[in-house]
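Numbered from 1 within each chain, the chains take letters A, B, ... in sequence-line order. Since this is a predicted model, take the numbers as computed values, not measurements.
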Amino acid sequence: MDFIIEATVKAVKALYQTDLNAADLSLQPTRKEFEGQTTIVTFPLTKFSRKSPEQTGTEIGEFLKNEVKEISGFNVIKGFLNISLTDAFWIDKLYTEILPDNFAVSKPNGKKVMVEYSSPNTNKPLHLGHVRNNLLGYSVAEILKAAGYEVIKANLVNDRGIHICKSMLAWQKFGDGETPESTGEKGDHLVGKYYVLFDKEYKKQIEELRSFGQTEEEAKKNAPMIKEAQEMLQKWETGNDEVISLWKTMNLWVYDGFGKTYKALGVDFDKFYYESDTYLLGKDIVDEGLEKGVFFKKEDGSVWIDLTADGLDEKLVLLADSTSVYMTQDLGTAQLKYNDFHMNESIYVVGNEQDYHFKVLFLILQKLGKQWATGLYHLSYGMVDLPSGKMKSREGTVVDADDLINEMEQTAKEQTEALGKVEEYSEEEKQQLFHTIGMGALKYFLLKVDPKKRLLFDPNESVDFQGHTGPFIQYTHARIRSVLSRVELNATLKNEITSLYAEERDLILALSQFPETIALAAVGHSPAIIANYVYEVAKSFNKFYHEKSILQAEDEVTKQFRLQLSVASAKVINKSMKLLGIEVPERM
RNA sequence: GGUCCCAUAGCUCAGCUGGAUAGAGCAACAGAUUUCUAAUCUGUAGGUCAUAGGUUCGAAUCCUAUUGGGAUCACCA
């Protein structure tokens, strides 16, 4: 509604002889209890008018009403100028802006962005924390696409290291040749089982050594299990055939398992990076940093950067024996990713426990003079907590992703059958529907919350299906599709309606805010903005649906108009939910 | 100890770059279905926006301090 702002600038110029910048003015949605759709706050303008807010509002209102044909009226309450636009304006908006297929489709902005997310360890199955990560990453990627970016979804798989060797060792010792095929177990779960087993045995050995008088610290170092795992890691690094072969086999099991979970979650990737390929990278950057004087060497030979001037600490970037640390590797990987794609922006979807790490990483790259470092962004999200506290894989206090997905489908099934809506569905249709609804509930539950807030998940309290939830929005869509399936749209009766009811106007207003909402969500990297928006649209439609009959409308023109309004609503709901990675059913 | 994040109704959360009487959902209570799907809609009740200052015509929003919760600070990523 830039035309209102422009006209207001004109009004201020004409009335008060002041040149105003369009950027200084902003419109806000009119509160529901007042007449009008958009509101100008007049307080900031009183210093030009030298009149009361009410008087200023009235003068500008009069000017606008005469000047702009789309404005049908206004009222001023306590310095708020509420503007009503004509029904013709809203009707025209529906037909010429919202209904066409290119609504809310941004033109390519010529920018490339990489979204790195998921990034699992290959020693255990995915849990609820990963689910939040995956859903966030996928959704942010979709939102950026919708905002005009070219998006690369990347997954940096942590496929090597001591933790992987732990699973491998335990399998070697106790596995008895078990495979996913022989046990029927999902590969990632099978491997995870041995990771837990390792820890159990390891703890036993620690206890034993302590009973012989070793301190806990000594015992942790000296336990045979951990020594063997470290030996295995060394063998891996030197390319020992047997170890490499076992490593490959077990990783394949895990990938197979992850693939299934990813599919159930509905997420995908354009590019995989593997740490086994990247873990040695970054040493050349350390050299580069030493040359440029950004890094310095301590007496023992370890390499550091001094960030105290930036309010941070000194940070280690390379060990004394010149082996890499996490930071070394991430510096190298960042360069590799940039070399591969030359993207303008790069988003790391990683939990907030790594806030400090990424702050340092980005700062170092900037200090090294990498121009692309300004496009790096850490999308930091809060942990998912259980009522019992933090999830810990090793202790088994996790909500497993696959279990959770199954439970959600099961709950969806119970809810749906209790409502008696699926009697005539085929078995396959039912399964499909339960999956759609169950995942809709879960995804919406996790995405409607601001990413940076921590999330409490109570496994005993099932995720809601009513109210501000995914299924509520899915249901709204199904309802619309149901109405539309009963009639044929008459495209010839176009745009002949002349006046609107409040429910219709409010709905068009809500729909019209879709493009700006996408832009906002893209800038803020926040699916929650989309989630809360689509809820408003669904509520708005339900109200309209309840108040006004579509198929029994008073005349054919009204009926066709309401059908088109329904079509537009279904489209916006569908597109919004897609941005969240949520499917909407035709019926439910 | 340093740094960062969070704190809004009994519970889970919105509240955009400062704007009107702080909004939803759940839970509680009262209603709505001969009419397009009641996973819906309408209403009632529920608030010291953690606390104290400051900036401003105006603060849940910005600044400072305090309290509480969480994370992190040299080899797990």
Side-chain angles (χ1 to χ4, degrees), chain A residues 23 26 28-34 39 41-44 46-47 53 77-80 82 119 121 156 158 161-163 275 279 298 302 304 308 311-321 323-330 350-357 359-360 380 382-383 385 390 412 415-416 418-419 421 437 441 445 448-450 452-456 458 461 464-476 478-487 516-517 520 523-524 526 528-529 531-532 535-536 538-539 542-543 545-553 562 566 587-588:
Chain A
S26 70
Q28 54 179 298
T30 304
R31 291 189 147 230
K32 276 186 218 124
E33 60 264 40
F34 303 114
T39 294
V41 183
T42 62
F43 294 99
T46 53
K47 58 175 173 253
I77 295 162
K78 294 207 285 186
F80 293 86
N82 301 321
S119 303
N121 289 346
L156 174 59
N158 179 11
I162 190 75
H163 51 287
E275 267 194 39
Y279 80 109
K298 287 200 176 172
S302 57
W304 297 72
T308 46
L312 302 172
D313 300 311
E314 287 189 351
K315 183 81 190 176
L316 179 78
V317 294
L318 195 69
L319 291 175
D321 62 1
T323 54
S324 301
V325 292
Y326 182 36
M327 187 58 75
T328 324
Q329 201 183 120
D330 261 12
V350 181
N352 64 7
E353 74 248 353
Q354 295 195 40
D355 283 357
Y356 186 76
H357 171 77
K359 210 178 198 177
V360 172
S380 161
M383 296 291 100
D385 289 316
K390 221 185 147 174
Q415 300 266 338
T416 308
L419 291 166
K421 290 187 171 185
I437 296 174
F445 176 80
K448 76 170 175 184
V449 182
D450 181 348
K452 62 172 183 282
K453 294 201 174 171
R454 34 189 300 205
L455 208 61
L456 186 77
D458 189 343
E461 260 181 58
D464 279 333
F465 283 65
Q466 276 156 13
H468 189 181
T469 67
F472 167 85
I473 297 160
Q474 292 174 319
Y475 174 72
T476 307
R479 214 181 204 185
I480 298 172
R481 299 304 307 170
S482 169
V483 173
L484 294 176
S485 70
R486 289 160 192 275
V487 287
E516 60 205 68
T517 305
L520 220 61
V523 171
S526 175
I529 291 174
N532 287 296
Y535 174 62
E536 290 303 322
K539 264 206 309 193
N542 279 327
K543 183 152 189 157
Y545 178 90
H546 195 260
E547 300 292 327
K548 299 284 173 257
S549 178
I550 300 166
L551 298 177
Q552 315 300 321
R562 287 182 184 162
S566 304
R587 48 181 187 153
M588 67 185 271

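- Using bins of under 30°, 30° to 60° and over 60° for the plane-to-plane angle, the ring pair A/F43/A/F80 lands in the perpendicular bin.
- Contact annotation for A/P53: no contact, since no heavy-atom pair falls under 4.0 Å across all strands.
- Atoms OH (A/Y326) and P (B/rC76) sit 12 Å apart, rounded to a whole Å.
- The pairing partner recorded for B/rC13 is B/rG23, the criterion being a Watson-Crick or G-U wobble arrangement whose two distances lie under 3.5 angstrom.
- In this structure, A/F472 reaches the sugar-phosphate backbone alone: every heavy-atom distance under 4.0 Å involves primed, P, OP1 or OP2 atoms, never a base.
- Base pairing of B/rA7 is made with B/rU67, judged by Watson-Crick or G-U wobble geometry with both donor-acceptor distances under 3.5 Å.
- The side chain of A/L520 lies closest to B/rC16, out of B/rC16, B/rA22, B/rA39.
- Looking at A/R587, its side chain never comes within 3.5 Å of a backbone N or O of A/S482 through a donor-acceptor pair.
- A gap of 11 Å separates the C1' atoms of B/rU55 and B/rG18, to the nearest Å.
- When the P atom is used for both B/rU61 and B/rU17, the distance is 12 Å, rounded to whole Å.
- In the model, A/D464 has no side-chain atom that pairs as donor or acceptor with a side-chain atom of A/T469 under 3.5 Å.
- With rounding to whole Å, A/E275 atom CD is found 13 Å from B/rC76 atom P.
- Nucleotide B/rG1 is matched to B/rC73 when pairs are restricted to Watson-Crick or G-U wobble geometry with both distances under 3.5 angstrom.
- The same atom, P, is picked in B/rU66 and in B/rU3; the two are 11 Å apart, to the nearest Å.
- Residue contacts for A/V449: at a heavy-atom cut-off of 4.0 Å it reaches the sugar-phosphate backbone alone, with no base atom in range.
- B/rA60 and B/rA52 have their C1' atoms separated by 16 Å, with the value rounded to a whole Å.
- With B/rC5, B/rC13, B/rA14 as the choices, the nucleotide that has an atom nearest any side-chain atom of A/L455 turns out to be B/rC13.
- For the pair A/F445 and A/L312, both in contact range of RNA chain B, the more 5′-proximal nearest nucleotide belongs to A/L312.
- A/D313 has its CG atom 10 Å from the C1' atom of B/rU72, to the nearest Å.
- Base contact: A/N82 has a heavy atom under 4.0 Å from a base atom.
- At whole-Å resolution of the value, CG in A/N158 and C1' in B/rC76 are 9 Å apart.
- For A/Y356, the side-chain atoms get nearest to B/rC73 when compared with the rest of B/rC6, B/rC73, B/rC4.
- Residue contacts shown for A/D330 are absent, as no nucleic acid heavy atom lies under 4.0 Å away.
- The separation of B/rG10 from B/rG47, taken at their P atoms, amounts to 7 Å, rounded to a whole angstrom.
- When rounded to the nearest whole Å, the span between CG of A/N532 and P of B/rA14 equals 7 Å.
- The partner of B/rC62 is B/rG54, by the rule that a Watson-Crick or G-U pair needs both atom distances under 3.5 Å.
- Within the 3.5 Å criterion, the main-chain N or O of A/N82 finds no donor-acceptor partner in the side chain of A/T39.
- In this entry the distance linking NE2 of A/H163 with P of B/rC75 reads 17 Å, nearest Å.
- A donor-acceptor contact closer than 3.5 angstrom is absent between the side chains of A/N352 and A/R454.
- B/rC5 sits 40 Å from B/rG43 when the P atoms are compared, rounded to a whole Å.
- With both ends at atom C1', the span from B/rU42 to B/rC4 equals 46 Å, rounded to whole Å.
- For B/rC41, the paired nucleotide is B/rG31, the pair qualifying as Watson-Crick or G-U wobble because both relevant distances are below 3.5 Å.
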- Item | Working for side-chain contact (heavy atoms from CB on, under 4.5 Å), residues A/H357 and A/D330 | CA-CA 10 Å; A/H357 171 77; A/D330 261 12; 2.9 Å; yes
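- Regarding A/K315, its NZ atom lies at a distance of 17 Å from the P atom of B/rU3, rounded to whole Å.
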- Is there a side-chain contact (heavy atoms from CB on, under 4.5 Å) between A/Y356 and A/D313 once you walk through the steps? CA-CA 10 Å; A/Y356 186 76; A/D313 300 311; 3.2 Å; yes
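- Remark: the A/S119 side chain and the B/rA77 base include no donor-acceptor N/O pair separated by less than 3.5 Å.
- Phosphate contact (OP1/OP2 of B/rG19, side-chain N/O of A/R31, threshold under 4.0 Å): absent.
- If you check B/rC16, B/rC13, B/rA77 against the side chain of A/Q354, the one that comes closest is B/rA77.
- The base of B/rA39 is paired with the side chain of A/T416 by a donor and an acceptor separated by under 3.5 Å.
- The side chain of A/K453 contributes an N or O atom lying less than 4.0 Å from OP1 or OP2 of B/rA14.
- Counting heavy atoms from C-beta outward, A/Y545 and A/V483 have side chains that approach closer than 4.5 Å.
- Between B/rU72 and B/rA28, the two P atoms lie 39 Å apart (nearest whole Å).
- Pair assignment for B/rC49 gives none, since no Watson-Crick or G-U wobble pairing has each distance under 3.5 Å.
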- Task: For each nucleotide in nucleotides 26-38 of chain B, reading 5' to 3', give B when a protein heavy atom comes within less than 4.0 Å of its base, S when such contact involves only the sugar-phosphate, and - otherwise.
- Result: S---------BBS
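- A/I529 comes within 4.0 angstrom of no nucleic acid atom, judged by non-hydrogen atoms across all strands.
- Straight-line distance from the NZ atom of A/K539 to the C1' atom of B/rA14: 10 Å, rounded to whole Å.
- Residue A/F43 and nucleotide B/rG19 are classified as a stacked aromatic pair, their ring centres being separated by less than 5.5 Å at an interplanar angle below 30°.
- Ring to ring, A/F472 and A/Y535 are close: their centroids are under 6.0 angstrom apart.
- Nucleic acid contact for A/R454: sugar-phosphate only, since backbone atoms but no base atoms lie under 4.0 Å from a heavy atom of the residue.
- Annotation: of the two residues near RNA chain B, A/N352 and A/F80, the 5′-most nearest-nucleotide partner is A/F80.
- Stacking of A/F34 onto the six-membered ring of B/rA20 is present: less than 5.5 angstrom between centres, less than 30° between planes.
- In terms of modelled atom types and a separation under 3.5 Å, the side chain of A/S566 and the main chain of A/I480 share no donor-acceptor contact.
- Between A/D450 and the options A/K448, A/K453, A/K452, a salt bridge (Lys or Arg N to Asp or Glu O under 4.0 Å) holds for only A/K452.
- In this view, A/K298 and A/F296, A/D300, A/S302, A/W304, A/E314 satisfy the side-chain contact (heavy atoms from CB on, under 4.5 Å) rule, not counting sequence neighbours.
- Side-chain N/O atoms of A/K78 include none lying less than 4.0 angstrom from OP1 or OP2 on B/rG58.
- Distances were taken from every side-chain heavy atom of A/N542 (C-beta onward) to each of B/rA39, B/rC41, B/rA20; the shortest belongs to B/rC41.
- Contact annotation for A/S302: no contact, since no heavy-atom pair falls under 4.0 Å across all strands.
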